[in-house]
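Below, each value reflects all heavy atoms present in this structure, side chains not excepted, and no hydrogens, waters or symmetry copies. Within every chain, numbering begins at 1; the chains are lettered A, B, ... in the order of the sequence lines, protein sequences first and strands thereafter.
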Amino acid sequence: MTPFPFLPDHNDLIETRYRKAEAMREAGIEPYPAKAEAGDTAAEVLARAEVLMESGDVVSLLGRVMGVRSFGKAAFFHLRDRTGQVQVYIKKNIVTEECFRLYKEFLDGGDLVHVTGRLFRTKTGELTVEAAELRIAAKAVRQLPEKWHGFRDVESRYRQRYVDLIANPAVAETFRARSRAISAMRRFLDAGGFMEVETPMMQAIYGGAAARPFVTHHNALDMRLYLRIAPELFLKRLLVGGLDRVYEINRNFRNEGISTQHNPEFTMLELYAGGWNADRMMGFVEDILREAAMGALGGTRAVFGDLEMDFADPVPRVRMVDAVSEALGAEVDWDTPLERLRELAGELPEEVRTPDEAIVHVFEERCEEKLQQPTFVHDFPKSLSPLAKSVEGRPEVADRFELYIAGMEIANGYSELNDPREQYERFLEQAERRKAGDEEATAEVDEDYVRALEYGMVPAAGLGIGVDRLAMVLTNSPSIRDVILFPLLRTAKREEHADSPSSVEETANGGSTG
RNA sequence: GCUCGGGUAGCUCAGCUGGUAGAGCAGCGGACUUUUAAUCCGUUGGUCCUGGGUUCGAGUCCCAGCCCGAGUACCA
């Protein structure tokens, strides 16, 4: 029996280090001291190295001990903080006896320490802090993965992202780049007069996209709620209210399969601009993506696998029917009869019942993956775009576009439908489709949204950018899980003492619809 | 959901036609005051994902299940 509670994966390596922490306490050293001193950063120290060596000023660093190389009466290690790392040299005849004892008896790789000392250059030329003082900042009782082969097991990397971030510096850089891309887009939007807003993620009626939702329940109100599949209908209510330059960067939730391009919760930048149309919005997409690339990469060129692209280049625009015509080797349009399309395509799945569906199907099957370089596809079937306005003079064509990069849909935008009567009809059609068994059609008509349109909504264009997929492209990450810090995984296997009370089960079951 | 691949020490991985479970690194003990995968000597460490089965004997073969990945399906 051990005197402390231990986790199920406790082992003797951890035991040894817990004992060490106890021994430190017995020696009068608190392994988890209350005081923390953020002094210099590694990056600053390296940047100011020449000045610091000249002046002999003492630097002060807080960070994690990496790669200890120890000798009898001296040692080197690297001290890593959020900005980088600096080598530290500790030598018996320089530091106090207590400090040397701390190193010799208690210090392990992975510990967080505070080091102060002067900067010098070793004979191999590396800038190094000669420790005058070494103090423990926080003891680590689990050892880090091996330095040479790293931490590769994908499942462990996702489940224990904290270890992944320490062990694989490229991973941390990916998330920094993602963050910089988002910051750059925010700056660009703010500078362009857009206002950031937050709209409900828990919605009584979900809409704005075609997807199955997650369902939850509010106890006090005894109310069924859906996690939003899109913020669109709320953002456009704001347009009615006169806030007609708005954006939101936040999570959407779609109860669908998981793949290298799909995570059940994902981040979307959605924005609306009064007085714009889809054409204007395409130009804006080019601008904001260039800003995102600049932020993430410091330049406009990006590499994704074998693909090289330059976000400074104008993005070509292709009509969907033209892309499909090329794929089929014959001119087709929205008014091409279904029979003719079936003939040209060879085979079409049973659920394809209209020319619109046939063209979209062929596009998805044969065209999407060929769109490697950034490309706008525009003019979508109106029937599959219930929130979009028609192209002038062509009521069957939606003034809508999607941006493809590396075969992935990265952005989607359109001129917003603001005719309340038409919108109501479209909603009713959706409800009919739902009744007919289309699980992705919106179940309930959002009457209040139609009411809002009845007050008059400024002509506007809207845009959604899949932030995770954009981050994939900018960071050359082949899976969406590489750009989401904590991607959804099945819960790790529970221990044998685990039992599930019925109340917990009820809650869990509320989220699944089959 | 389906197909394929994977799960062995803290980490990275070997383990053939079934025959007492291995390496490197880490850890632990020792030597070592400019190393950077430090070096040298010694050494501990295993629910081989789980549960059944076949067999004298299973990490290995069979069945069922769990988890991860890739592909596919789904995904205005």
**Q** Quick one: look up who A70(B) pairs with, Watson-Crick or G-U, both distances under 3.5 Å, and put none if it's unpaired.
**A**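 Looking at the geometry, A70(B) pairs with U3(B).
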
**Q** Expressed as a whole number of Å, how far does the C1' atom of U34(B) sit from that of C68(B)?
**A**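 Those two atoms are separated by 45 Å.
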
**Q** Using the test ring-ring contact (aromatic ring centres under 6.0 Å, His included), find all partners of Phe175(A) that sit at least two apart in sequence or belong to another chain.
**A**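 So Phe175(A) forms no ring-ring contact (aromatic ring centres under 6.0 Å, His included) with any residue.
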
**Q** Could you label the plane-to-plane angle of the Phe6(A) and Tyr18(A) rings as parallel, tilted or perpendicular, counting under 30° as parallel and over 60° as perpendicular?
**A**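 Tilted, since the angle between the ring planes falls between 30° and 60°.
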
**Q** Tell me if a side-chain donor or acceptor on Arg228(A) pairs with a main-chain N or O of Arg251(A) at a distance below 3.5 Å.
**A**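 Yes; judged by distance alone, with no hydrogens or angles, the pair exists.
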
**Q** Which value, rounded to the nearest 0.5 Å, describes the distance between Met53(A) atom CE and Arg121(A) atom CZ?
**A**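 Rounded to the nearest 0.5 Å, the CE-CZ separation comes out at 4.5 Å.
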
**Q** Quantified in whole Å, what is the C1' atom distance between nucleotide C28(B) and nucleotide G45(B)?
**A**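 Pairwise C1' distance, C28(B) against G45(B), rounds to 10 Å.
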
**Q** Round to the nearest Å and state the distance from Asp111(A) atom CG to G27(B) atom P.
**A**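 It works out to 11 Å between those atoms.
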
**Q** From CD of Gln261(A) over to P of G69(B), roughly how many Å is that when rounded to an integer?
**A**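 Spelled out: CD on Gln261(A) to P on G69(B) is 15 Å.
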
**Q** Taking all atoms of both residues into account, what is the closest heavy-atom pair of Phe266(A) and Asn263(A), and its distance?
**A**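 Scanning both residues completely, I find the closest heavy atoms to be CD2-O, 3.7 Å.
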
**Q** Of all the heavy-atom pairs spanning Val95(A) and Ala131(A), show the shortest one and how long it is.
**A**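 Minimum heavy-atom contact is CG1-O, 3.1 Å.
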
**Q** Would you say that Asp108(A) contacts Gln143(A) through its side chain, given a criterion of any heavy-atom pair below 4.5 Å between the two side chains?
**A**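 Side chain of Asp108(A) against side chain of Gln143(A), heavy atoms only: no contact under 4.5 Å found.
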
**Q** Please report, rounded to the nearest Å, how far the C1' atom of G27(B) is from the NE2 atom of His10(A).
**A**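 That distance rounds to 14 Å.
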
**Q** Should we say atom CD of Glu173(A) is surrounded by more than 12 heavy atoms from elsewhere, each under 6.0 Å from it?
**A**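 Counting neighbours around CD of Glu173(A), more than 12 heavy atoms of other residues, nucleotides or ligands fall under 6.0 Å, so yes.
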
**Q** Which parts of nucleotides 5-15 of chain B does protein reach within less than 4.0 Å, heavy atoms only, written one letter per nucleotide 5' to 3' as B for base, S for sugar-phosphate only and - for none?
**A** -----BBSS--

**Q** Tell me which of Thr122(A) and Gly67(A) sits closer to the 5' end of RNA chain B, going by the nucleotide each one is nearest to.
**A**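 Comparing both residues, the 5'-ward one is Thr122(A).
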
**Q** Tell me: CD of Glu15(A) to P of C28(B), nearest whole Å?
**A**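 Those two atoms, CD and P, are 13 Å apart.
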
**Q** Mind checking Phe120(A) for me? I need base, sugar-phosphate or nothing, with any heavy atom below 4.0 Å counting as a touch.
**A**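 Counting heavy atoms under 4.0 Å across all strands, the contact made by Phe120(A) includes a base.
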
**Q** Mind calculating the distance between CE (Met66(A)) and P (A38(B)) to the nearest angstrom?
**A**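 Answer to the nearest Å: 11 Å.
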
**Q** Give me the distance, rounded to whole Å, that separates U12(B) from U20(B) when you measure between the C1' atoms they each carry.
**A**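 It works out to 26 Å between them.
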
**Q** Work out how far the P atom of U8(B) is from that of A76(B), and round it to whole angstrom.
**A**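 It comes out at 38 Å once rounded to the nearest Å.
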
**Q** Partners of Asp9(A) by side chain to side chain contact (heavy atoms under 4.5 Å, CB included), sequence neighbours excluded?
**A**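 By the side chain to side chain contact (heavy atoms under 4.5 Å, CB included) rule, Asp9(A) matches Leu7(A), Arg142(A).
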
**Q** Report the distance from atom NZ of Lys92(A) to atom C1' of A31(B), rounded to the nearest whole Å.
**A**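 Atom NZ in Lys92(A) sits about 14 Å away from atom C1' in A31(B).
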
**Q** State whether Phe234(A) and Arg237(A) meet the cation-pi test: NZ (Lys) or CZ (Arg) under 6.0 Å from the six-membered ring centroid, and within 45° of the perpendicular axis.
**A**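 Yes.
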
**Q** With distance as the sole criterion, is a donor-acceptor pair present between the side chains of Tyr158(A) and Asp482(A) under 3.5 Å?
**A**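 Note: Tyr158(A) and Asp482(A) side chains meet the donor-acceptor criterion.
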
**Q** Starting at CD of Glu130(A) and ending at P of U35(B), how long is that distance when rounded to a whole Å?
**A**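 For the pair Glu130(A) CD and U35(B) P, the rounded distance is 15 Å.
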
**Q** Expressed in angstrom and rounded to an integer, what is the separation of Glu105(A) atom CD from G29(B) atom P?
**A**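 Atom-to-atom, Glu105(A) to G29(B), this comes out as 10 Å.
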
**Q** Using the C1' atoms only, state how far U72(B) lies from G19(B), rounded to an integer number of Å.
**A**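 Nearest-Å result for G19(B) against U72(B) at atom C1': 42 Å.
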
**Q** Would you say Lys123(A) places a side-chain N or O within less than 4.0 Å of OP1 or OP2 belonging to U35(B)?
**A**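 Yes, such a contact exists.
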
**Q** Quantified in whole Å, what is the C1' atom distance between nucleotide G10(B) and nucleotide G51(B)?
**A**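 Their C1' atoms lie roughly 27 Å apart.
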
**Q** Taking atom C1' in both C25(B) and U39(B), compute the distance separating them and give it to the nearest angstrom.
**A**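 Their C1' atoms lie roughly 15 Å apart.
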
**Q** Test for a donor-acceptor pair under 3.5 Å between the base of U35(B) and the side chain of Glu126(A), counting only N and O atoms.
**A**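 Donor-acceptor pair under 3.5 Å: no.
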
**Q** Looking at C28(B), which nucleotide sits across from it as a Watson-Crick or G-U wobble partner, both distances under 3.5 angstrom, or is there none?
**A**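 WC or wobble partner is G42(B).
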
**Q** Mind checking the C1' distance from G59(B) to U47(B)? Whole angstroms is fine.
**A**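 Looking at atom C1' only, G59(B) and U47(B) are 13 Å apart.
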
**Q** Once side chain to side chain contact (heavy atoms under 4.5 Å, CB included) is applied, do any residues pair with Phe120(A), and if so which ones, sequence neighbours excluded?
**A**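 Residues passing side chain to side chain contact (heavy atoms under 4.5 Å, CB included) with Phe120(A): Tyr89(A), Thr122(A), Thr128(A), Glu130(A).
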
**Q** Counting primed atoms plus P, OP1 and OP2 as sugar-phosphate and everything else as base, spell out the protein contacts along nucleotides 70-76 of chain B at 4.0 Å heavy-atom distance: B, S or - for each nucleotide, 5' to 3'.
**A** SS-BBBB

**Q** Going by heavy atoms closer than 4.0 Å, what residues in residues 71-78 of chain A are next to RNA chain B?
**A**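 Within this stretch, Phe71(A), Gly72(A), Lys73(A), Ala74(A), Phe76(A), His78(A) sit under 4.0 Å of the strand.
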
**Q** Tell me what Lys382(A) touches on the nucleic acid: a base, only sugar-phosphate, or nothing, going by heavy atoms under 4.0 Å.
**A**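 No contact.
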
**Q** Between Phe100(A) and Tyr103(A), does the ring centroid distance fall short of 6.0 Å?
**A**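 Yes.
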
